[in-house]
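Basis for what follows: all heavy atoms, side chains included, without hydrogens, waters or symmetry-related copies. Below, read A as the first sequence line, B as the second, and so on, with proteins coming before strands; counting in each chain starts at 1.
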2 protein chains.
Amino acid sequence: MKSRLTIGKLAEAAGVGVETVRFYQRSGLLPEPERPLSGYREYTDADRRRIHFIKRAQTLGFNLEDIAGLLKLDGPQTCSVTHDLALEKLHVVKEKIDALVAIRDALQQMVRQCERKHRRGTCPIIQSLVQEEAKI
Amino acid sequence: MKSRLTIGKLAEAAGVGVETVRFYQRSGLLPEPERPLSGYREYTDADRRRIHFIKRAQTLGFNLEDIAGLLKLDGPQTCSVTHDLALEKLHVVKEKIDALVAIRDALQQMVRQCERKHRRGTCPIIQSLVQEEAKI
DNA sequence: CTTGACTCCGTACCTATGTACGGAGATTAC
DNA sequence: GTAATCTCCGTACATAGGTACGGAGTCAAG
């Protein structure tokens with residue numbers, strides 16, 4: 001099912017606006033699509049998945065430049081370049097995970113505290129988050 | 001050691017600019033500081049930690065509005081409000097962790113593949129990331 | 001007690017990431 | 001085949017999150 005999509009269909013399928021697709025193309029995040037009929041862009045499902053990936057990565061705190069770096073990992077580099085870049089990104093991702101796990105644990109503790117009605121003046125969310133700082 | 005900080009010292013200690021501190025104050029992310037001497041703001045170490053938390057949360061994909069919500073957990077609400085807000089944030093944080101773990105695993109697989117010199121035309125980073133989509 | 005660094009405030013400006021506009025041409029639905 | 005819809009392009013505008021400016025007041029070292 002090699003569905004050919006116009007820009008409008010792609011945008012709808014990916015949950016973004018047409019202008020966003022054009023913007024990503026201009027920014028180099030999407031490859032130049034074929035334009036057989038009259039100059040209209042023709043996209044494939046791979047482009048839709050790529051946009052999904054971009055949007056997901058954004059919610060994880062990567063900016064478009066970071067994301068371009070991640071997407072470059074799919075390119076035709078030598079394996080050593082890819083390897084090093086992947087390792088670097090891996091490091092960043094692991095750090096993000098650690099920081100989020102600390103926040104998750106603090107939130108969980110807070111929820112439990114509230115459920116045990118052990119409330120004092122204020123719930124110690126910032127304190128518990130902030131004291132992770134030395135570790136992170 | 002209840003160190004009193006001027007805005008410049010605070011900014012330096014927190015690794016941001018003076019204007020950023022003023023901006024956070026205007027945005028309600030930092031409380032109004034005391035201003036005993038001649039109107040100069042006087043900050044404490046709690047403010048420095050708060051800024052660190054804001055910066056850390058930003059790299060995890062929270063925007064300033066999200067962060068204000070997290071910081072509100074430290075406030076003097078009733079426990080039930082705090083509980084519900086914390087649960088909601090907990091959900092978001094867990095989702096972020098899951099997505100990052102998927103990316104981490106894909107990157108790890110990629111690094112291993114490169115190390116085994118099992119390279120084909122392109123490393124399958126996008127494919128492996130993108131195919132998580134159903135799960136996430 | 002002067003000089004240089006710091007702070008005040010409001011406002012203007014900047015970058016990243018989109019969003020919208022508008023007029024001309026292509027396509028599709030009737 | 002014509003009307004509605006879609007796409008083209010360049011450019012302008014919008015929003016979040018800062019960052020810089022400028023002129024006046026304050027503080028601290030010599």
Side-chain angles (χ1 to χ4, degrees), chain A residues 3-44 47-48 50-72 92 96 99, chain B residues 3-44 47-48 50-72 92 96 99:
Chain A
S3 52
R4 303 253 134 201
L5 303 165
T6 61
I7 194 170
K9 299 291 186 188
L10 171 66
E12 189 184 354
V16 300
V18 166
E19 306 297 332
T20 302
V21 175
R22 295 210 312 126
F23 173 71
Y24 285 169
Q25 183 189 316
R26 256 181 290 139
S27 312
L29 292 165
L30 288 176
E32 283 285 333
E34 293 184 46
R35 297 177 185 237
L37 15 138
S38 73
Y40 281 20
R41 294 165 177 87
E42 255 191 12
Y43 291 102
T44 69
D47 297 303
R48 185 189 58 74
R50 203 169 167 103
I51 294 173
H52 268 141
F53 175 69
I54 293 167
K55 287 319 225 180
R56 191 147 59 90
Q58 277 186 312
T59 70
L60 301 174
F62 295 102
N63 63 27
L64 294 185
E65 199 180 335
D66 294 335
I67 294 170
L70 284 166
L71 290 171
K72 251 199 331 192
V92 174
K96 281 180 193 276
Chain B
S3 54
R4 306 251 132 201
L5 304 166
T6 61
I7 193 170
K9 299 292 185 185
L10 172 66
E12 190 185 354
V16 301
V18 166
E19 307 296 332
T20 302
V21 176
R22 295 210 312 126
F23 174 72
Y24 285 170
Q25 183 188 316
R26 256 181 290 142
S27 312
L29 291 165
L30 287 177
E32 283 285 335
E34 293 183 46
R35 295 178 186 239
L37 14 140
S38 74
Y40 280 22
R41 294 166 177 85
E42 257 193 12
Y43 291 102
T44 70
D47 296 303
R48 184 190 58 76
R50 202 170 168 104
I51 293 174
H52 268 141
F53 175 69
I54 293 168
K55 287 319 228 181
R56 191 147 59 92
Q58 277 186 314
T59 71
L60 301 174
F62 295 101
N63 61 28
L64 295 186
E65 199 180 335
D66 294 334
I67 294 170
L70 284 167
L71 291 172
K72 252 200 328 194
V92 174
K96 281 180 191 280

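A salt bridge does not link E12(A) with K9(A): every distance from a Lys NZ or Arg NE/NH1/NH2 to an Asp or Glu carboxylate oxygen is 4.0 Å or more.
Straight-line distance from the CZ atom of R4(B) to the C1' atom of dC27(D): 18 Å, rounded to whole Å. Rounded to whole angstrom, the span from the CG atom of L64(A) across to the C1' atom of dA16(D) amounts to 14 Å. For the pair Y43(B) OH and dT7(C) P, the interatomic distance rounds to 10 Å; values are reported in whole Å. We find that CZ of R35(A) is positioned 12 Å from P of dT7(D), with the value rounded to whole Å. What separates CD of E12(A) from C1' of dC6(D) is a distance of 13 Å, to the nearest Å. Rounded to whole Å, atom C1' of dG17(D) lies 13 Å from atom CG of N63(A). The separation between E42(B) atom CD and dT26(D) atom C1' is 14 Å, rounded to whole Å. If you measure from atom CG of D66(A) to atom P of dA16(C), you get 12 Å, rounded to the nearest angstrom.
Rounded to the nearest 0.5 Å, atoms NZ (K96(B)) and NZ (K96(A)) are 9.0 Å apart. Y24(A) OH to K55(A) NZ: the interatomic distance, rounded to the nearest 0.5 Å, is 3.0 Å.
Residues of residues 17-32 of chain A having a heavy atom closer than 4.0 Å to DNA chain C, listed by number: E19(A), T20(A), F23(A), Y24(A).
Inter-residue side-chain proximity for I51(B) and L29(B) is flagged as unmet; no heavy-atom pair is nearer than 4.5 Å. Side-chain contact between I67(A) and L64(A) is present, with at least one heavy-atom pair separated by less than 4.5 Å.
Nucleotides of DNA chain C nearest to V16(A) and S38(A) differ in position, and the one nearer the 5' end is that of V16(A).
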Go through L5(A) and D47(A) one step at a time and tell me if the side chain to side chain contact (heavy atoms under 4.5 Å, CB included) criterion holds. CA-CA 9 Å; L5(A) 303 165; D47(A) 297 303; over 6 Å; no
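In this structure, Q58(B) reaches the sugar-phosphate backbone alone: every heavy-atom distance under 4.0 Å involves primed, P, OP1 or OP2 atoms, never a base.
Shown here for E42(A) and P33(A), the closest heavy-atom pair between the two residues is O-CB, 3.5 Å.
Applying the 4.0 Å criterion to OP1 and OP2 of dT28(C), one finds that K9(A) has every side-chain N and O outside that range. Applying the 4.0 Å criterion to OP1 and OP2 of dG18(C), one finds that K55(A) has a side-chain N or O inside that range. Between R41(A) and dT7(D), a side-chain N or O to OP1/OP2 separation shorter than 4.0 Å is absent.
Side chain Y40(A) to base dC8(D): no donor-acceptor pair is found below 3.5 Å.
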